[in-house]
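Here's the structure, in C-alpha cells; my notes come after.
Chain letters run A, B, ... following the sequence lines, proteins first, then strands; residues in each count from 1. Note that the coordinates shown come from a computational prediction; the quantities given were computed from them, not determined experimentally.
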Amino acid sequence: MKFHTRWLLGISLLGGLQCFPASAESAFSWHGFLSQGVSQSVHSDFVSDNGDVSFNLTELGINMRYDVNASLAFVGQAVYLDGGNRFEQGGRLDYLYLDWRLPEFSNATLNVNVGRFKNPHWLYSATRDVPQTRATIILPQSLYFDNFRDVALGSDGVLLRYYHAAEEGSFKVNWSYGKSPMSTFQTKALLGEFAQGELEQDFAHQVSAYWQSASLSWQIGASYLDSDFTYNPAAVDFYVAAEREVQLYTISVAYFAENWEFATELQRNHRIDQGGYAPDYMVNQQGEGGYVQLRYRIAPSYTVTTSYDMYISDREDRNGEVLEAMTGGMVPAYYGFEKTIAVGLQWDPAPHWRVQAEHHWVHGAGRLTSLPSSQNTPETREHWRMWAMQVMYWF
Amino acid sequence: MSALSKIGFRFCNKCLFIRVIAVCLLLCVCLPVKAIESTVIINNGVEKRQFSRTDIRNIFSARTQYWSDGAKITVYVLGAQTEAHKDFCREMLKMFPYQLERMWNQITYSGQGERPQTVATEAELIEAVKNTPGAIGYAYHTSALENVREVAIP
C-alpha cells in the first residue's frame with residue numbers, strides 16, 4: 001500500500017468513527033491509534049536493505065469491545081503495520097476473543113478468553129503492538145524480537161487470567177495454550193530466505209505469575225513457555241523436514257517511583273532442532289538475553305529512557321567463534337550475539353499526542369534474520385546503529 | 001575574651017543553629033503543603049454501601065467494570081495534569097498518575113475493559129456522576145455535592 005493511500009485509509013477510519021461517539025454507558029466501545037515515523041539502520045539491514053532513511057514506520061489500529069452482559073464480552077483488534085524489514089507489511093487481526101468473566105469470589109477474579117487472545121506473560125507483551133504504550137519505538141530485541149511479533153503477541157486457543165487483589169498487594173496468574181498461524185515471512189525469518197515449505201507452530205503452552213506490592217512500587221514476575229514447531233518442506237526445497245522445540249524461562253522486575261522507573265527482564269532459552277539442513281542434523285543449545293531499562297520524567301510532558309539489551313544465541317559460544325568456525329567463516333562470529341545501548345525521548349505536546357525519538361548503538365547481529373550464506377550477503381557490520389522518530393495519536 | 005567564654009559563645013551559636021534547624025523541621029512536619037482532599041462520590045442509584053480501598057482501586061484502575069448487581073460502572077475522572085487528579089491518585093489510590101494511565105492502556109488495548117471518562121471540571125464530573133446510573137467519580141469541594149452519595153473509605 002502506498003504511503004498516501006494508507007494514511008487516507010487511517011484518516012477515513014478516524015473520521016468515520018468520530019461521527020459515532022459511544023455514550024458512557026454503552027455496551028460497545030472502541031479505541032484506536034495512528035502513528036507514522038521515520039527510521040534508519042546504518043550499516044545494517046535491520047530496517048531496510050539499502051540502509052536509506054525509511055518512512056516505513058506506520059502503525060494503524062482499531063479495537064472494539066462489546067459487552068453482552070456483565071460476564072461476557074467480545075473483543076478484537078485489527079492493525080495495519082509497516083516496519084520495513086522488521087515486520088510483515090500489511091493488515092492483520094491481532095486478537096479476537098470471547099472474554100468470559102466468572103463471578104468474583106473474595107476479591108479474586110477469573111477470566112477465560114477463548115479465540116485469538118493476547119499474550120499477557122511478559123511485562124510489555126500485552127501492549128507491544130500499541131505505540132503509545134512502549135518506552136521505546138523499537139523494543140529490546142532480546143525478548144521482544146520484531147520478526148516474531150505476530151507469533152509472540154498472541155495465540156489461537158484459550159487463556160485463563162486469575163487476579164487477586166488485597167490491601168497487602170495483588171497477585172495474578174496467567175495460563176494459556178494455543179498456536180499461531182505462521183506466515184511465509186515468519187517462516188523465512190526463522191529458517192532463512194530460501195525456505196520454500198511451510199512452518200507450523202504445533203502448540204505454545206505458557207504460564208506466568210506476577211506479584212505487585214500494596215504501594216504498587218514493585219512488580220515481580222516469572223513466566224515459562226514451551227512450544228514446538230514443525231517444518232514441512234516443499235517438493236523442491238533447500239531444507240528437509242525439521243522440528244524445533246523451544247522453552248523460555250523469564251524473570252521480570254519493575255520498580256516505579258514518582259519521577260523514575262526501572263524495569264528488567266531476563267530470559268534463558270533452550271532449543272532443540274532436528275532436521276532442516278540434513279535428516280540427521282541436530283542442535284541442542286541454550287541461549288540467554290535480557291535488558292535493563294531506566295526511565296526518568298524530567299518534566300510532566302517529557303520522559304527520557306535509556307536501556308541496555310543483550311542477547312547470546314549460544315551460552316557455550318558467547319563470542320560466536322564456534323558459529324564462525326562451524327560455517328567455515330561464512331557466518332561471522334558477531335551473528336552469535338547482539339548488544340544494544342539505546343537512549344530515547346518522549347514528548348507529549350497535547351493529550352492523546354506523543355512524539356518519540358531514539359537512537360540505538362548495536363554490537364553484533366544475533367537478532368537479525370538475514371543470515372549470510374552462499375546465496376546471500378547481508379550488509380550488516382559488526383558495529384551498526386539505528387535511529388527512529390515517530391508521531392502518534394490515540395483515541 | 002577568655003578562651004572559656006569563646007568556647008561558650010561558639011557553643012551557644014551552635015545551640016541557636018540547632019534550634020533554628022529543629023524549628024524548621026518541626027514546621028515542615030506540622031505544616032505540610034496542603035493536599036487537595038478529595039472524596040469518592042457515586043450515583044444515588046448504586047446499591048453498594050461498603051467500600052474498601054481495594055474496591056476503589058479496582059474500580060478506578062478499570063479492573064472492576066460492573067457492580068455486583070450486574071449494572072455497568074462508569075468512572076469519571078479529571079484530566080491527568082490536574083492537581084486534583086494527581087492528589088486523588090496519590091492519596092486515595094496510593095499510586096502515581098502515570099501508573100494508573102498505564103493500567104488503563106493495558107486494559108483498554110488488550111480488550112479487557114473500558115478506561116474512565118475524562119471531564120474538564122469538577123462541576124462537570126459531579127453532574128455526570130449525578131446523571132449517569134452506576135457512575136462513580138471524585139470531588140474535592142464537598143460543600144457543592146447534591147444528589148450524589150459520598151463514600152467513606154476506611
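Comparing B/E101, B/R90, B/R53, B/R63 by how many heavy-atom pairs each has under 4.5 Å with chain A, the most go to B/R63. In terms of heavy-atom pairs under 4.5 angstrom with chain B, the leader among A/S71, A/A166, A/G32, A/A70 is A/A70. Comparing A/A214, A/P103, A/G154, A/S170 by heavy-atom pairs within less than 4.5 Å of chain B, the highest count is held by A/A214.
Using a 4.5 Å cut-off on side-chain heavy atoms (C-beta onward), A/F256 and B/M95 make no contact. Within the 4.5 Å cutoff, side-chain heavy atoms of A/P300 are placed close to those of B/Q81. Using a 4.5 Å heavy-atom threshold, the side chains of A/R101 and B/Y66 count as separate. Using a 4.5 Å heavy-atom cutoff, the side chains of B/D55 and A/N107 are in contact. The shortest side-chain heavy-atom distance between B/K72 and A/D67 falls under the 4.5 Å cut-off. Using a 4.5 Å heavy-atom threshold, the side chains of A/Q219 and B/Q99 count as separate.
For chain B, the nearby part of A/Y163 is the side chain; its heavy atoms alone come within less than 4.5 Å. With a 4.5 angstrom heavy-atom cutoff, A/S215 touches chain B only via backbone atoms. Only the side chain of A/F33 comes within contact range of chain B, with at least one heavy atom under 4.5 Å from a heavy atom of that chain. For A/F117, no part sits under 4.5 Å from any heavy atom of chain B, backbone or side chain. Neither the backbone nor the side chain of A/R128 comes within contact range of chain B, judged by heavy atoms closer than 4.5 Å. Proximity to chain A (any heavy atom under 4.5 Å) is shown, for B/N105, by both the backbone and the side chain.
Around atom CH2 of A/W211, more than 12 heavy atoms belonging to other residues, nucleotides or ligands sit under 6.0 Å away. Heavy atoms from other residues, nucleotides or ligands lying under 6.0 Å from CH2 of A/W260 number more than 12.
The CG atom of A/L216 sits 9.0 Å away from the CG atom of B/L93 when rounded to the nearest 0.5 Å. Residue B/W104 holds its CH2 atom at 11.5 Å from NE2 of A/H31, rounded to the nearest 0.5 Å. A/W394 CH2 to B/T108 OG1: the interatomic distance, rounded to the nearest 0.5 Å, is 12.5 Å. Interatomic distance, OG of B/S110 versus CG of A/N113, reported as 9.0 Å (0.5 Å rounding). To the nearest 0.5 angstrom, B/Y109 atom OH is 6.5 Å from A/N63 atom CG.
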Walk me through it: do A/E167 and B/T54 pass the test side-chain hydrogen bond (donor to acceptor under 3.5 Å, both in side chains)?
CA-CA 6 Å; A/E167 303 294 325; B/T54 303; 2.6 Å; yes
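Remark: the B/E114 side chain and the A/S29 side chain contain an N/O donor-acceptor pair separated by less than 3.5 Å. For the 3.5 Å distance criterion, the side chains of A/R161 and B/Q112 qualify, holding a donor opposite an acceptor.
Here the side chain of A/K118 pairs no donor or acceptor atom with the backbone of B/G111 at under 3.5 angstrom.
A salt bridge is defined here as a Lys NZ or Arg NE, NH1 or NH2 lying under 4.0 Å from an Asp or Glu carboxylate O, and A/E261 with B/R102 meets this definition.
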